[in-house]
Amino acid sequence: MSNSFNDRQLIEISTKQIEDIVDPQYTVIVGSRADGVSFKVDIGRVCYTNRENDSGHSRDKTKSYITGLVDESTLSIERVEWLRRYLREILQKGLRDETVRGYLHNLRYFFDFCDFEGLTPAVNSVELNLGDFSYAA
């Protein structure tokens with residue numbers, strides 16, 4: 001596996017733009033926290049099995065936003081399809097932006113754990129049950 005990390009195209013999508021999720025691997029979800037401050041979650045990066053590890057839990061850092069670099073050759077089509085379904089599922093429920101933000105951060109932390117500390121890529125070998133949405137690989 002190469003370690004050729006690069007920037008990738010990004011598409012910012014509001015939590016209200018369900019129909020616009022065409023390429024989840026490029027998706028950055030944008031919304032508003034309960035205190036009115038905007039947030040961005042680069043959820044599309046989990047579609048790449050080789051990517052820069054998060055520098056830390058940036059859930060509360062809203063003043064600066066830095067997207068992670070990825071190895072584009074490690075794009076997982078299974079993850080792309082799964083993430084597309086998952087995003088549509090949670091966004092059409094009409095959840096508060098803060099709730100969506102929490103779901104996405106937890107999902108990202110889960111994939112980070114599986115990819116950086118686990119033995120196999122997450123979607124390829126695990127049943128994932130998040131809220132009312134599950135995926136079995």
Side-chain angles (χ1 to χ4, degrees):
M1 188 179 300
S2 85
N3 282 327
S4 176
F5 293 125
N6 298 303
D7 285 323
R8 69 188 194 288
Q9 174 186 355
L10 296 176
I11 302 171
E12 292 186 359
I13 296 179
S14 160
T15 57
K16 310 303 181 229
Q17 294 174 282
I18 302 164
E19 65 282 346
D20 292 344
I21 300 173
V22 177
D23 294 311
Q25 68 271 28
Y26 305 131
T27 299
V28 174
I29 298 293
V30 180
S32 296
R33 292 188 337 191
D35 61 4
V37 176
S38 66
F39 68 83
K40 296 180 182 181
V41 179
D42 180 7
I43 196 62
R45 67 191 310 271
V46 301
C47 292
Y48 299 87
T49 58
N50 192 20
R51 60 190 179 281
E52 280 187 330
N53 197 352
D54 285 339
S55 58
H57 297 291
S58 60
R59 184 174 181 171
D60 297 320
K61 299 176 189 170
T62 57
K63 295 195 190 267
S64 63
Y65 174 75
I66 301 171
T67 185
L69 301 177
V70 300
D71 179 348
E72 293 177 332
S73 69
T74 66
L75 179 65
S76 167
I77 300 305
E78 293 86 8
R79 288 187 185 193
V80 170
E81 293 304 318
W82 184 88
L83 185 60
R84 178 182 294 113
R85 292 190 313 266
Y86 181 73
L87 290 174
R88 286 186 178 151
E89 177 75 20
I90 66 168
L91 293 177
Q92 69 185 338
K93 287 184 174 190
L95 301 171
R96 291 179 34 234
D97 284 3
E98 189 73 23
T99 303
V100 170
R101 176 176 168 253
Y103 280 1
L104 296 178
H105 276 287
N106 288 335
L107 177 67
R108 199 178 77 201
Y109 299 150
F110 173 77
F111 275 97
D112 285 351
F113 175 79
C114 291
D115 289 339
F116 298 116
E117 298 180 34
L119 299 175
T120 59
V123 173
N124 295 333
S125 64
V126 74
E127 182 173 325
L128 190 55
N129 188 349
L130 301 164
D132 294 333
F133 191 80
S134 64
Y135 172 83

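Note: hydrogens, waters and symmetry copies are ignored here, and every other heavy atom, side chains too, is used. Treat the numbers as computed from the prediction; the structure is a model and nothing was measured.
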- Nearest heavy-atom approach of V46 to R108 is CG1-CG, 3.8 Å

- Query: Would you say the side chain of I11 lies within less than 4.5 Å of the side chain of V28, judging by non-hydrogen atoms?
  - Reply: no

- Message: Does this structure show an ion pair linking D97 with K16, if we count only N-O contacts that are shorter than 4.0 Å?
- Response: yes

- Closest non-hydrogen contact found for E12 with Q17 is O-OE1, 4.3 Å

- Distance-minimising heavy-atom pair for D115 and R51: OD2-NH1, 2.7 Å

- Message: Treating E98 as the side-chain partner and A34 as the backbone partner, does any N or O pair qualify as donor plus acceptor under 3.5 Å?
- Response: yes

- Query: Are the side chain of D23 and the backbone N or O of Q25 linked by a donor-acceptor pair below 3.5 Å?
  - Reply: no

- Nearest heavy-atom neighbours spanning E52 and F5: N-CE2, 3.6 Å

- Query: Between R101 and F39, is NZ or CZ placed under 6.0 angstrom from the six-membered ring centre and within 45° of the ring axis?
  - Reply: yes

- Does a side-chain N-to-carboxylate-O contact under 4.0 Å join E72 and R8? no

- Message: For residues I77 and I21: do they belong to one hydrophobic cluster (side chain heavy atoms under 4.5 Å, members Ile, Leu, Val, Met, Phe, Trp, Tyr)?
- Response: yes

- Item | Among T27, T99, T15, V41, side chain to side chain contact (heavy atoms under 4.5 Å, CB included) partner for L104 | V41

- Task: Measure from the side-chain N and O atoms of R88 to the backbone N and O of R85, and report whether any donor-acceptor pair falls under 3.5 Å.
- Result: no

- State, to 0.1 Å, how close V80 and P24 come at their nearest heavy-atom pair, and which atoms those are. O-CG, 3.3 Å

- Query: Which heavy-atom pair separates R79 from Y48 by the least distance, and what is that distance?
  - Reply: NH1-O, 4.1 Å

- Rounded to the nearest 0.5 Å, the CZ atom of F111 sits from the OG1 atom of T49 at a distance of 11.0 Å

- Rounded to the nearest 0.5 Å, the CG atom of L107 sits from the CG atom of D112 at a distance of 9.5 Å

- Message: Any non-hydrogen side-chain atom of I43 less than 4.5 Å from a side-chain atom of H105?
- Response: no

- Item | Side-chain (E117) to main-chain (C114) donor-acceptor, under 3.5 angstrom | no

- Task: Could you grab the distance from atom SG of C47 to atom CG of L83, nearest 0.5 Å is fine?
- Result: 4.5 Å

- Item | Heavy-atom side-chain contact between D7 and L69 under 4.5 Å | yes

- Message: Does any part of the side chain of V70, heavy atoms only, come nearer than 4.5 Å to the side chain of N6, both counted from C-beta?
- Response: no

